[in-house]
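Inspection log for the structure reproduced underneath, given as structure tokens.
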Amino acid sequence: MSDLTRLSLTRLRDGLKKREFSSREVTTAYLDAIKAANSALNAYIEVTGEIALKMAAASDEKLAAGTGGPLEGVPLGIKDLFATKGVHTQAGSHILDGFLPGYESTVTANLWRDGAVMLGKLNMDEFAMGSSNETSFYGPVVNPWRASGSNKDLVPGGSSGGSAAAVAAWLCAGATATDTGGSIRQPAAFTATVGVKPTYGRCSRWGIVAFASSLDQAGPITRTVTDAALMLNSMAGFDPNDSTSTEIEVPDFAAAVDRGVRGLRIGVPKEYRLDGMPEEIEALWQEGLSWLKAEGAELHDISLPHTKYALPAYYIIAPAEASSNLARYDGVKYGLRVPGADITELYEKTRAKGFGHEVQRRVMIGTYVLSAGYYDAYYKRAQRIRTLIKRDFETVFADGIDAIVTPATPSAAFGIGEKDMAADPVKMYLNDIFTVTVNMAGLPGIAVPAGRDGAGLPLGLQIIGKPFDEETLFAVARVIERSQAMEFEPEKWWQS
Amino acid sequence: MSVDADTVRRIARLARIHLDEGDVDGLAVELNTILGFVEQLNEVDVTGVAPMTSVTPMVLRQRPDEVTAGGHAQAISANAPISEDNFFMVPKVVE
């Protein structure tokens with residue numbers, strides 16, 4: 001039999017339904033692939049082989065009885081940020097050492113309800129704070145992609161670096177991920193995978209370790225646009241346990257994938273043309289737009305004047321929310337505890353040892369911008385600017401624009417341990433310059449592979465949509481996906 | 001605005017993160033880099049602009065004031081590093 005791990009999620013699902021192969025066979029193939037690859041890639045921090053085989057057996061019974069769910073028997077990887085009952089859930093952090101949730105996140109529960117199989121927990125930047133997966137307590141994830149003729153290790157992007165690497169290296173059929181400022185779309189762009197950040201409120205945040213609650217959204221990373229639509233269909237839905245979950249019908253996303261772009265009005269924002277942006281990114285953008293035009297979309301130059309302020313405003317709002325959300329990690333209720341002479345010392349020593357450097361830095365920035373005397377100058381001003389950023393988008397959508405197309409990232413994947421990124425935190429933050437506006441405005445965004453740079457590394461385009469109009473994103477992304485006649489398969493150098 | 005060593009120590013104290021004295025100056029540089037980056041927000045005229053409170057136009061749902069969960073003391077304390085009879089144990093806080 002051909003390698004089952006190479007099949008798309010959609011093809012896998014159909015083959016399982018027709019009983020061409022069993023979930024046990026597929027699951028075993030994935031577990032073997034993980035065993036052979038993980039020491040090189042470090043994508044999984046916990047492999048749940050026993051659980052996977054048990055879930056696969058249950059799926060095979062349902063498939064035999066013809067009662068399988070929409071994802072019956074399909075093996076998935078789960079980002080370590082999602083609470084999985086009785087299974088490793090540490091948000092890539094030391095401070096949650098040994099934590100085993102007594103409950104299941106709504107998103108993963110939805111996936112299991114629909115028949116999916118859990119392969120394990122995926123590596124990530126600590127508390128989802130990072131753009132390279134280098135802040136994980138479990139060490140960096142290595143991108144399956146390398147520049148042609150080079151054996152230098154590259155980052156897979158972050159924070160969902162384990163999710164993106166595992167999908168790109170055929171170590172799961174699809175993966176859950178989360179996106180606070182670009183953490184789904186940037187790693188998807190770095191690994192030639194498809195990443196969807198749904199509209200804020202589309203997926204429940206219940207049971208997902210909180211980073212910045214007004215920005216966090218869960219979404220899928222997959223190998224094709226249709227795969228992403230299928231997976232989001234299962235992940236999404238109203239949940240009374242999340243007070244910001246929106247009570248709105250979940251459409252059949254997969255049905256929207258092939259509806260084309262004829263007559264769609266595509267906005268091209270001039271503010272996304274940055275000084276010093278590589279020529280290749282500009283060329284990729286123009287090419288993507290030409291594909292859409294060739295299929296009947298109308299292109300319109302638009303302006304989103306507050307774009308440049310989104311990233312600095314984000315670096316006030318996200319750390320502020322994080323400093324509040326992460327207050328709960330104190331060595332008392334769960335995880336790591338470092339003894340102290342009194343309770344304050346217990347807190348301080350536990351948090352110093354348990355949080356990595358980037359997390360400490362962000363908690364401190366957040367604490368500072370919320371502290372007495374600085375709240376108005378920093379936090380309140382950033383929230384006013386957030387209003388303006390959202391208004392920019394509302395204005396162009398009100399003018400008749402259906403979707404906006406931009407580059408996903410300002411560069412291709414970079415090296416692990418790159419010195420100028422390590423020396424200057426802002427350099428690393430600039431990775432999210434094209435993606436962060438979407439979180440600030442609560443909009444849906446998708447990253448889709450669209451080309452390769454001169455070194456053969458993948459590059460992605462981003463499509464931004466109206467609130468709760470993920471369907472148009474899937475339709476536009478699909479046209480880009482089938483217009484680029486390019487193989488997006490990394491060389492399999494990691495197999496031991 | 002920029003932070004000095006004393007401010008770094010004060011923020012760390014507020015954030016309940018122990019700082020080694022040797023890390024203070026380095027952290028001050030890093031925090032100032034970030035604060036320098038966000039400084040550009042002062043260019044924007046925000047007169048009359050309301051701060052965002054919710055990214056989606058929604059009214060928070062209300063539910064009947066009923067007890068819907070509880071009695072999970074054991075499950076809640078199950079992950080505590082130190083607990084006794086489902087109580088979290090901490091150093092003495094009241095003399």
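In what follows, chains carry the letters A, B, and so on, assigned in the order in which the sequence lines appear, proteins first and then strands, with residues in each chain numbered from 1.
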Please state whether the side chain, the backbone, both or neither of B/Leu27 comes within less than 4.5 Å of a heavy atom of chain A.
side chain
Minimum heavy-atom distance B/Val55-A/Lys390, with the two atoms named:
O-CE, 2.9 Å
Atom group of B/Ala12 that falls short of 4.5 Å from chain A, counting heavy atoms:
both
Just checking heavy atoms, which of residues 321-339 of chain A are less than 4.5 Å from chain B?
A/Gly331, A/Val332, A/Lys333, A/Tyr334, A/Gly335, A/Arg337
Taking every heavy-atom pair that is under 4.5 Å apart, which of B/Ile76, B/Leu31, B/Thr56 has the most such pairs with chain A?
B/Leu31
Might you confirm whether atom CD of B/Gln74 has over 12 heavy atoms from other residues, nucleotides or ligands at distances under 6.0 Å?
no
Would you say A/Thr367's side chain and B/Ala15's backbone share a donor-acceptor pair under 3.5 angstrom?
no
Side chain, backbone, both or neither: which part of B/Val44 has a heavy atom under 4.5 Å from chain A?
both
Salt-bridge criterion met for A/Lys308 and B/Glu43 (N-O under 4.0 Å):
yes
Under 4.0 Å between a side-chain nitrogen and a carboxylate oxygen: does that hold for A/Glu247 and B/Arg61?
no
Determine whether A/Ile365 and B/Val38 make a side-chain contact, defined as any pair of heavy atoms from C-beta on separated by less than 4.5 Å.
no
Chain A contact via B/Ser77 - side chain, backbone, both or neither, heavy atoms under 4.5 Å:
neither
Bottom line for B/Val29: the part with an atom under 4.5 Å from chain A's heavy atoms is neither
Could you tell me which of A/Met440, A/Arg391, A/Arg351 has the largest number of non-hydrogen atom pairs under 4.5 Å with chain B?
A/Arg351
With a 4.5 angstrom heavy-atom cut-off, which part of B/Arg10 approaches chain A: side chain, backbone, both or neither?
side chain
Below 4.5 Å from any heavy atom of chain B, which atoms of A/Asp97 appear? Answer side chain, backbone, both or neither.
neither
Do B/Glu30 and A/His357 pair up side chain to side chain, a donor and an acceptor below 3.5 Å, judged on atom types alone?
yes
Quick one: what part of A/Ile343 sits under 4.5 Å from any heavy atom of chain B, side chain, backbone, both or neither?
both
Give, as side chain, backbone, both or neither, the part of A/Pro425 having an atom under 4.5 angstrom from any heavy atom of chain B.
side chain
For A/His306, which residues count as a ring-ring contact (aromatic ring centres under 6.0 Å, His included) partner, sequence neighbours excluded?
none
With chain B, which of A/Gly354, A/Gly102, A/Ala313 has the greatest number of heavy-atom pairs at distances under 4.5 Å?
A/Ala313
Counting only non-hydrogen atoms closer than 4.5 Å, does B/Leu60 touch chain A with its backbone (N, CA, C, O), its side chain (CB onward), both, or neither?
side chain
For B/Thr53, is it the side chain, the backbone, both, or neither that has a heavy atom closer than 4.5 Å to a heavy atom of chain A?
neither
Donor-acceptor contact present, side-chain B/Asn79 to main-chain A/Leu100, <3.5 Å:
yes
